[in-house]
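Take a look at the structure set out below.
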Amino acid sequence: MQPHLKRAFTLLALVIIAFILVRSLVVPGSFGQYGWYRGDSVNELRNLTVNYAESTSCGGENCHKIIYDVWVKDRHKTVNCETCHGPAEKHVLNPRETLTPANDTREYCGKCHFKQIARPELFPQIDPDTHGQDLRCVYCHNPHKPWFV
Ligand code: HEC
Ligand code: HEC
Ligand code: HEC
């Protein structure tokens, strides 16, 4: 074999060996156990703490049934309790674990309702500079039944 070919083949062999070595060091052990991902990730995800409880769990007989029944029939039924009140799993398991009060600032309602050119025209939007003076939105709107207090 020509010496320059020998050199090229040795170099190629070294590159391949280096690749296999580095790969065996950086690829996690459980990779490929089930498929093209880490097998361990299945358990890691299963063990994540659940923070949200779902709106239906707020509407139990001895809980917030009145508010729930109002909410579920009104325009905000697509906005879950926990969107405004925060994650409530702990509170559902133990009612003594109180939630921090819902954010009732104009800015919070405005995240969805301040006029923005990017929003669908039919979505209810208001101009924050002219609507409702400078009062909090809940001064006039019931958050659970936005038409009206
Ligand atoms: C759009 C946001 C929003 C949604 C959705 C929402 N809430 Fe509220 N909620 C508020 C705000 C804001 C207040 C405080 C009202 C005020 O300051 O007058 C409040 C007050 C309450 C209170 C009274 C707390 C207190 O003691 O003052 C309860 C209980 C409550 N909400 C339960 C629920 C339940 C149950 C749901 C779902 C069925 C829900 N909320 C959905 C925003 C919301
Ligand atoms: C996460 C987004 C979100 C937040 C936060 C939110 N809303 Fe809404 N709001 C909605 C959706 C969705 C509707 C229903 C729109 C529809 O039916 O087309 C709605 C409907 C309304 C309506 C009825 C408008 C109509 O024309 O019937 C009012 C009023 C309203 N919201 C006020 C509020 C107030 C006040 C707050 C703060 C306490 C608030 N919203 C917070 C999403 C939101
Ligand atoms: C002083 C009372 C008052 C306050 C405060 C107030 N609103 Fe209203 N809102 C009204 C009245 C009255 C209407 C119906 C007439 C109109 O469209 O102006 C209305 C209508 C709306 C609508 C429906 C608009 C549409 O075209 O469908 C939305 C959404 C709304 N308000 C959201 C809010 C938000 C968000 C805040 C806080 C940033 C807020 N409002 C503060 C009185 C108020």
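Ligands are counted one by one from 1 in listed order, and the atoms in each one are counted from 1 as well. Here the structure is a predicted model, which means the values were calculated and not measured.
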Asp127 vs His131 side-chain heavy atoms within contact, under 4.5 Å: no
Protein residue, atom and distance nearest to atom 12 (C) of ligand 1, heavy-atom basis: Asp104 CB, 3.7 Å
Test of proximity, His64 against ligand 1: N or O pairs below 3.5 Å: no
Basic-acidic side-chain contact under 4.0 Å: Asp69, Lys73: no
Atom 8 (Fe) of ligand 2: protein N, O or S atoms [distance under 2.8 Å]: His76 NE2, His113 NE2
Ala102 contact mode with ligand 1 (heavy-atom cut-off under 4.0 Å): side chain
Nearest neighbour in protein (non-hydrogen) for atom 9 (N) of ligand 1: His85 NE2, 2.8 Å
Atom 35 (C) of ligand 1: the protein heavy-atom neighbour that sits closest, reported with distance to 0.1 Å: Cys58 CB, 3.5 Å
Atom CG of Leu48 with >12 non-hydrogen neighbours under 6.0 angstrom: yes
Interatomic spacing from CG in Asn80 to SG in Cys58 - rounded to 0.5 Å: 8.5 Å
Contact partition for Arg136 relative to ligand 3, non-hydrogen atoms under 4.0 Å: backbone
Contact bool for atom 24 (C) of ligand 1 (protein heavy atom, d < 4.0 Å): no
Atom 14 (C) of ligand 1 touched by protein (heavy atom, under 4.0 Å): no
Protein contact of atom 4 (C) of ligand 1 - nearest heavy atom, named by residue and atom, plus distance: Cys84 SG, 3.4 Å
Within 6.0 Å of CD in Glu107, more than 12 heavy atoms from elsewhere: yes
Considering only N, O or S atoms of His131, the one closest to atom 8 (Fe) of ligand 3: NE2
Donor-acceptor list for residues 85-95 side chains, cut-off 3.5 Å, not counting sequence neighbours:
unit_1: His91; atom_1: ND1; unit_2: Glu97; atom_2: O; d: 3.0
unit_1: Asn94; atom_1: OD1; unit_2: Arg96; atom_2: N; d: 3.1

Nitrogen or oxygen of Trp147 less than 3.5 angstrom from that of ligand 2: yes
Any protein heavy atom < 4.0 Å from atom 27 (O) of ligand 1: no
Sequence-distant partners of Glu44, salt bridge (charged side-chain N to carboxylate O under 4.0 Å, His left out), two or more places apart: Arg38
Asn80 near ligand 1 by a heavy-atom separation under 4.0 Å: yes
Identity and separation of the nearest protein heavy atom to atom 34 (C) of ligand 1: Cys81 SG, 3.5 Å
Pairs meeting criterion ring-ring contact (aromatic ring centres under 6.0 Å, His included) with involvement of residues 22-74, two or more places apart: Phe31-Trp36, Tyr68-Trp71
Residue His144 atom name (nearest to atom 8 (Fe) of ligand 1; N/O/S): NE2
Nearest heavy atoms of His144 and Val70, plus distance in Å: O-CG1, 3.8 Å
More than 12 heavy atoms from other groups under 6.0 Å of CZ on Phe123: yes
